[in-house]
Amino acid sequence: MIVSAMSQPDTKPYPDTLEINAARLLGRIESFAKIGQGPGGGITREGFSDADLDARAALIGEARACGLEADVDAAGNILIRRAATGPDPAHRKVLMMGSHLDTVVNAGRLDGVYGVLAALEVLQVLAESGTDLPCEPVAVAFANEEGALFPQPFWGSMALAGRLEELPAQPCDHDGHSLRAPLARAGGNLDELESAVWPTGSVAAYLELHIEQGPVLERAGRQIGVVDAITGRAVLTVQVTGASGHAGTTPMDHRRDAMVAAARMVTAVEHASKEDGLCRVATVGRLETQPNSPNSIAGTARLTIDLRDTDPGRLERVEATVRDAIRVIAEQTGTRVDYLATTRSTPVATAQELRAAITRSAEELGLTHRTLPSGAGHDAQMVADIAPIGMIFVPSIGGVSHVPEEDTSPADLVSGAQVLLRTVLRV
Ligand code: HGY
Ligand code: MN
Ligand code: MN
C-alpha cells in the first residue's frame, strides 16, 4: 500500500521550497571518496574490509552529528532514522531509501555511496524543516552489495528481505576466512540474522537513487532515469581441480591442467552470450590459479561467472548451458569442478505508482527524463520481495562504472537528490 498524494494529482502536501543542500551533499560525496582511495584514484572498500568499516563509521558519525539515529542490524546494514519524538502513535509504515557503501576493487566514487548520502541528505532536510510524512522515512546503507571480498552479493538486502535460506550458513571470503568476525566488527551478528528481517508490509515503499553506470541517459541527453526493470543475475563461483606439476618434464598427454580448463570455461561463458545470444551479458571477472608459478602446471583455478538477463527463463537456460559446457570441459581436461557459491537474483519490475511519482517530480523540477531498465543489479531487487520499489538514475559520464573514471556532473548529482526528495514528499 503506498500512501500517495498521487490520487489527487495536483495536491502538493508539502512546500515546494524544500530543497536538498547541494553543497552539503557534494561535500560529503567528496569526503567519502577519500575513504579507501588508492594511489591511482580508484576506491577499494570491499564489504566488511577495513576501508568499509571506515566508511561505515563516517556515515554513522555524519548521521549522529546532525541529530539522527544510526544503528547497525545483525546483517551489518546501517539504518538511519529521526530520533523518536515519543511513541509512534500510528506505528507508521516506513518509507525506506538508500543504497550501499561498499565497492568493487578499484571502483569509482559514486556507485552506491551516492544513493546513501542522498538518502541521508533527504532525512536531514526533513528533520531540519520539521516535515512529517505519513510514513517514517528511514535511510539505509546495505551491507556487502557488491560481494567483492565475501562473494555473497546483496548480503544485507537479502537479510532485510528475509531471504536468509539463500545466504550460506558459513559465509567465507575467497580464501575461506569466515565472515563471522568482520561482521561482528561492523556491528552485526551472524547468529542473529533473523532479527534483521523486515516483515512484508512493514515497508510502504523503497526508493534507490543510483548512477546509471551505462551510456543510455548520456546518449539520450536526459537528466533523470526512471527505472522500469532491474536485470536478473546468476553469479557462480567455480573451483577447478587438476594436478600441478613441472612445466618442463610433464608430457602434454599426462596433464590435468586447471589453467587450460579454466581458460576454456572463460571462452565458453563469453560464447554463450556473444555468439549464441543466450543472455544479455556474461562475464568472468575474477580468475585465480594455484600455484600461479611460471614453470608449474596450474593445479587449481577458481573463477566467478556472472550471467545477466531481464528474462528469467533465458537466465535459467543460459545457466544450465554454461554448467553443461563446464562439465564437458572438465571431462576433456581430466579436472574436477566444484560450485563453491551460487547467488541468483531474479529480474524485478519497479512499482508503477513510484515510476509515476518519480516522473512527476522530475517534470516539476523541469528535468528531462526517460524510462530505462538497469543492466546493473541493485539492492532494490531484493527489497522488492517485501515492498514496492522505485529507482532513480542519473547519467554516468562516458557510461563507465566500476572504474576510477566513473563520474557524474555535480548538477546531475544534485538533480537526482532533489528528485528523490520530491518523490519522498509525494509518496
Ligand atoms: O554488479 C552489479 O551489477 C552491481 O554493481 N552490484
Ligand atoms: Mn556496483
Ligand atoms: Mn551499486
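Values below: all heavy atoms of this structure, side chains included; hydrogens, waters and symmetry mates excluded. Note that this is a predicted model, so its numbers are computed, not measured. Order of appearance sets the numbers: ligands from 1, and atoms from 1 within every ligand.
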Q.
Starting from atom 1 (O) of ligand 1, what is the nearest protein heavy atom, named by residue and atom, and what distance separates them?
A. R308 NH2, 2.8 Å
Q: Determine which of the N, O or S atoms in D111 is closest to the Mn ion (ligand 3) and give its atom name.
A: OD1
Q. Of all the atoms in H100, is at least one N, O or S atom closer to the Mn ion (ligand 3) than 2.8 Å?
A. yes
Q) What is the nearest protein non-hydrogen atom to atom 4 (C) of ligand 1, stated with its residue, atom name and distance? A) G377 O, 3.4 Å
Q.
Do T333 and R264 make a side-chain contact, defined as non-hydrogen atoms from C-beta onward lying under 4.5 Å apart?
A. yes
Q. Just heavy atoms, cut-off under 4.0 Å: does R233 contact ligand 1 by side chain, backbone, both, or neither?
A. side chain
Q. Nearest to the Mn ion (ligand 2), which N, O or S atom of E146 do we find?
A. OE2
(Q) A side-chain contact here means heavy atoms from C-beta on lying under 4.5 Å apart; do F150 and H174 qualify? (A) no
**Q.** Protein residue, atom and distance nearest to atom 5 (O) of ligand 1, heavy-atom basis
**A.** H402 NE2, 3.0 Å
Q: Report yes or no: does H402 have an N/O/S atom closer than 2.8 Å to the Mn ion (ligand 2)?
A: yes
Q: Please report which non-hydrogen protein atom sits nearest to atom 6 (N) of ligand 1, along with the residue it belongs to and the distance in Å to one decimal place.
A: E145 OE2, 2.9 Å
Q.
Taking 4.0 angstrom as the limit and counting only heavy atoms of A376, give me the atoms of ligand 1 inside it, by number and element.
A. 3 (O)
Q | E363 side chain to H369 side chain, donor-acceptor N/O pair below 3.5 angstrom | A | yes
Q: Output, in order, the C-alpha distance, side-chain angles, deciding distance and verdict of side-chain hydrogen bond (donor to acceptor under 3.5 Å, both in side chains) for H402 and N106.
A: CA-CA 7 Å; H402 283 191; N106 199 35; over 6 Å; no
Q. Would E166 and R163 pass as an ion pair if we require N to O under 4.0 Å?
A. yes
Q: Run the salt-bridge test on E128 and R24 with the 4.0 Å N-O cut-off and return the result as yes or no.
A: yes
Q. Going by an N to O cut-off under 4.0 Å, is there a salt bridge joining R314 and D309?
A. yes
Q) How about Q170: does its CD atom have over 12 heavy atoms from other parts shown lying under 6.0 Å from it? A) no
Q) Does the shortest distance from the Mn ion (ligand 2) to an N/O/S atom of E145 fall below 2.8 Å? A) no
